[in-house]
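Working notes, beginning with the structure itself.
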Amino acid sequence: MNQQHPQHPQGPGPYPQQPHAPQHPGYGPPAPQPPKKRGFLKITGIGCAGFLALFVIIAVAASGGDGDSTDTGNKDKAVTADKAPDAGREAPAEEEQTQAERFRACVAKSGTDTEKAAVKHVTKVTGADSRNDILDSAEVFTDFTGGLIGPHAGEGTLIASAFTSCYESDNGLVTVYDKDGELLATANY
């Protein structure tokens with residue numbers, strides 16, 4: 001080791017540090033900048049805009065379900081069609097029927113033979129009676145087994161297709177499940 005230039009293990013680089021060298025401002029890492037302060041009005045403005053947007057969304061959702069739709073489509077008409085009572089027995093009132101019964105009646109009236117056969121396995125329907133055309137979600141439960149890759153996936157697709165023929169929404173999604181709650185099919189309606 002050379003005596004003129006001893007190596008310092010803690011010193012940076014090959015140059016030795018001088019203990020009495022003056023420190024020059026501007027050398028070394030820069031001082032951290034203090035965080036910017038947000039103005040009170042800026043924070044309040046964003047908060048008010050968020051509150052106003054939330055209020056508008058709630059108002060639109062609340063007024064969307066009042067039933068005075070200007071939709072002239074015939075898809076909903078099949079579900080609410082008047083039924084002529086038989087001479088011997090009366091048809092149950094529309095309010096007394098379950099959603100599954102109304103769905104089956106719609107498919108029986110306007111569905112194909114394969115859709116009619118598949119819909120016989122429907123056990124429960126939820127979310128089909130109240131729509132607001134913003135984000136409608138209906139669920140159809142069946143007594144099938146096997147899920148999406150099982151033997152009844154085709155029937156699940158037929159049920160979803162039949163549902164789209166009976167119900168209409170601007171932004172609706174129907175999901176068909178098997179008896180274990182596994183997904184069979186989905187479709188937009």
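Hydrogens, waters and symmetry mates are skipped; everything else that's a heavy atom, side chains included, is used. Throughout, residue positions are numbered sequentially from 1 according to the sequence presented. Predicted model, so just to flag it, every value in this text is computed and none were measured.
- No side-chain heavy atom of Val125 sits less than 4.5 Å from a side-chain heavy atom of Phe141.
- When all heavy atoms of Arg102 and Gln97 are compared, the pair lying nearest together is CG-OE1, 3.1 Å.
- Closest non-hydrogen pair, Gly147 versus Ala153, comes out as O-CB, 4.3 Å.
- The residue from Leu173, Val174, Thr126 that alone fulfils the side-chain contact (heavy atoms from CB on, under 4.5 Å) condition with Glu139 is Thr126.
- Summarising the geometry of Gln99 relative to Gly127, their closest heavy-atom pair is OE1-N, 3.3 Å, with the distance given to 0.1 Å.
- Between the side chain of Ser110 and the backbone N or O of Val107 there is no donor-acceptor pair closer than 3.5 Å.
- Under a 3.5 Å cut-off, the side chain of Thr142 and the backbone N or O of Val122 do not form any donor-acceptor pair.
- Under the 4.5 Å side-chain heavy-atom criterion for ILVMFWY residues, a single connected hydrophobic cluster contains both Phe144 and Val140.
- Leu158 and Phe163 end up in different hydrophobic clusters when Ile, Leu, Val, Met, Phe, Trp and Tyr side chains are linked at under 4.5 Å.
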Task: Working for side chain to side chain contact (heavy atoms under 4.5 Å, CB included), residues Thr175 and Leu183 - done: CA-CA 7 Å; Thr175 307; Leu183 178 71; 3.3 Å; yes
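- Here the OG atom belonging to Ser169 is positioned 12.5 Å from the OH atom belonging to Tyr167, to the nearest 0.5 angstrom.
- Under the 4.5 Å side-chain criterion, counting only non-hydrogen atoms from C-beta, Tyr177 is not in contact with Leu184.
- Among all heavy-atom pairs drawn from Pro151 and Thr145, the shortest one is CD-O, 4.0 Å.
- A donor-acceptor pair under 3.5 Å is formed between the side chain of Asp178 and the backbone N or O of Asp180.
- Taking CG of Asp170 as the reference point, atom CG of Asn188 lies at 12.0 Å (rounded to 0.5 Å).
- Shortest non-hydrogen contact noted between Ala128 and Ala138 is N-CB, 4.3 Å.
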TODO: Might you work through the side chain to side chain contact (heavy atoms under 4.5 Å, CB included) test for Tyr189 and Asp136, ending with a clear yes or no?
DONE: CA-CA 9 Å; Tyr189 69 98; Asp136 298 325; 3.4 Å; yes
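- Here the side chains of Val119 and Lys116 are not in contact, with every heavy-atom distance at 4.5 Å or above.
- Judged by distance alone, the side chain of Arg104 and the main-chain N or O of Lys120 form no donor-acceptor pair under 3.5 Å.
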